[in-house]
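A quick note: this is a predicted structure, and the numbers were derived from the prediction, not measured. Labels below follow one simple rule: chain letters A, B, ... track the order of the sequence lines, proteins then strands, and each chain is numbered from 1.
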Protein chains: 2
Amino acid sequence: MQAADRGGRMPDRVVNRLRWYLTALDSFAADGFESVSSWQLAERVGIGAALIRKDLSRFGEFGTPSYGYKIEFLRERIQGILCLDTPRKVAWVGSCAFRHNAAAIGRLAEHNCKLAAVFDTDANEIGAEVGGFRVLSADSIRDTLAGAGISAAVLAVGGSPAHEIARVLVDMGARAILNLSGEFLVLPEHVKVASVDLAGELLELCYYCQH
Amino acid sequence: MQAADRGGRMPDRVVNRLRWYLTALDSFAADGFESVSSWQLAERVGIGAALIRKDLSRFGEFGTPSYGYKIEFLRERIQGILCLDTPRKVAWVGSCAFRHNAAAIGRLAEHNCKLAAVFDTDANEIGAEVGGFRVLSADSIRDTLAGAGISAAVLAVGGSPAHEIARVLVDMGARAILNLSGEFLVLPEHVKVASVDLAGELLELCYYCQH
DNA sequence: AGGTGTGAAACGCTTCACAGCG
DNA sequence: CGCTGTGAAGCGTTTCACACCT
């Protein structure tokens, strides 16, 4: 058996796939399954079965020959590897996106991610009540989050303020930012940024319409 | 000089980067630049300069030694490669996401992507007016899109109807789908699916909060 | 039989280094 | 001199094939 590689940095690709595995396992569990084979998992995620086995074997031996992987057990292990077993606080900037993604936010709660507060730059939104939160002014991020100990943030306001807000979020402790603003963010080395650009995504797809 | 690889399939990675280059070029142009070096482009996109030169040289010689790349020319060439030079029709399912992403939709229009229609499954939304479109029932997708000749679609309604709607969209001609539903879609081989799962994206980021 | 864990091979992608051009 | 275009080297990832377990 191979030693679990706690400590050593994991390739981004592997981290990315682990969360797909987690989602797939959630869905298998919801369907009433108790175990899955690497092949079943592979089919649902859309990659090769050998790759899944190799990914999982990085951390120890999670499966049983001739049986497969026990879903509950594997789910907990992956949660642990992704550091989803300890509670975590997330700040959300952009109340519209917050309102429209209630389902996603529900799934976060199931994995120990609690929201710290919701902010917005739009004066019309400030003071509104969304999903149990009162929307605060983006100007108050520093004051509100002082001592809150956030570890990540969602940045979902467009335009030029986005960049400044991102820097404030980093100051307040965010080590990872999900950037939906469409802006390109320049931030310190130690902060991980994941950018989702809807327009870009769709432009990219246009290529495949003819190939 | 290397022959442009029209016809031969391009690696997904390259397609993905080309749209980043396009976005970066748009932004350089907006800042008043007329030309850029591979190094400047690399800095803005966040990758190595050599990789950019190699990507671009796949399609011919676009740059001039000691000068760099002419922005307008390069923009047009990349648009051509991504098949963004001929008008294209896109269907949008999910009026909330539509309302919230006006900026992204504006950028699409600048690149020859016109919207065909906006649909929703939520009875409260049907009949509403959003961004110049009247929201139609998702049940009417077939009738509305018959003969419209869409080539791509955005699927932004959650829950189980998403899968069925995706299949209808494919029937109506969609060869690419931007899937914001959080569901895993099983579709014919020739359809390209790009899935954006906000919750998953954020869970993935949690790993980097501690590494 | 059926499915995992894993070295080794195969593959694709990125970086390096430099010739060549403006 | 500065910057592009590009073969070759280097690196990381995926697939293959099979020993081993239940």
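- Look at OH on A:Tyr21: it is 13 Å from P on C:dT4, rounded to the nearest Å.
- When the P atom of C:dG3 is taken as reference, atom NZ of A:Lys70 falls 17 Å away, rounded to whole Å.
- Using a 4.0 Å cut-off between charged side-chain N and carboxylate O, B:Arg44 and B:Asp31 make a salt bridge.
- Whole-Å rounding puts the A:Phe59 CZ to C:dT6 C1' distance at 16 Å.
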Would you tabulate the side-chain donor-acceptor contacts of residues 154-164 of chain A under 3.5 Å, counting partners in other chains and residues two or more places apart, or write 'none'?
unit_1, atom_1, unit_2, atom_2, d
A:His163, ND1, A:Arg167, NH2, 2.8
A:His163, NE2, A:Val186, N, 3.1

Set out, in order, the CA-CA distance, both residues' side-chain angles and the distance that settles side chain to side chain contact (heavy atoms under 4.5 Å, CB included) for B:Thr23 and A:Leu203, then state yes or no. CA-CA 10 Å; B:Thr23 305; A:Leu203 293 178; 5.7 Å; no
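- Atom pair A:Tyr69:OH and D:dT22:C1' shows a separation of 15 Å (rounding to whole Å applied).
- Ion pairing between a basic and an acidic side chain is recognised when a charged N comes within 4.0 Å of a carboxylate O; A:Glu72 and A:Arg75 show such pairing.
- Shown here are the salt bridge (Lys or Arg N to Asp or Glu O under 4.0 Å) partners of B:Arg88, two or more places apart in sequence or in another chain: there are none.
- A donor-acceptor contact closer than 3.5 angstrom links the side chains of B:Asp26 and B:His111.
- Nucleotide D:dC1 holds its C1' atom 18 Å from the OH atom of B:Tyr67, rounded to whole Å.
- Side-chain atoms of B:Ser37 come within 3.5 Å of backbone atoms of B:Gln40 as a donor-acceptor pair (strictly under, hydrogens ignored).
- If you take CG of B:Leu56 and P of D:dG5, they are 7 Å apart, rounded to a whole angstrom.
- With rounding to whole Å, B:Ile52 atom CD1 is found 14 Å from D:dC3 atom P.
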I need a per-nucleotide contact map over nucleotides 14-22 of chain C, read 5' to 3'. Cutoff is protein heavy atoms under 4.0 Å; write B for the base, S for backbone only, - otherwise. SB-B--BBB
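- Across every non-hydrogen atom of B:Arg53 and B:Ser38, the tightest pair is NH1-OG, 3.2 Å.
- Distance A:Arg58 CZ to D:dT14 P: 10 Å, rounded to the nearest Å.
- A donor-acceptor pair shorter than 3.5 Å can be found between the side chains of A:Tyr208 and B:Asp12.
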Under a cut-off of 3.5 Å for both distances of each Watson-Crick or G-U pair, what dot-bracket string does DNA chain D give, using [ ] for crossing pairs and | for inter-strand pairs? ||||||||||||||||||||||
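- A:Cys83 and B:Cys206 get closest at one heavy-atom pair: CB-O, 4.3 Å.
- B:Phe184 pairs by the ring pair (Phe, Tyr, Trp, His ring centres under 6.0 Å) definition with nothing, not counting sequence neighbours.
- Within residues 33-41 of chain B, the residues approaching DNA chain D are B:Ser37, B:Ser38, by heavy-atom distance under 4.0 Å.
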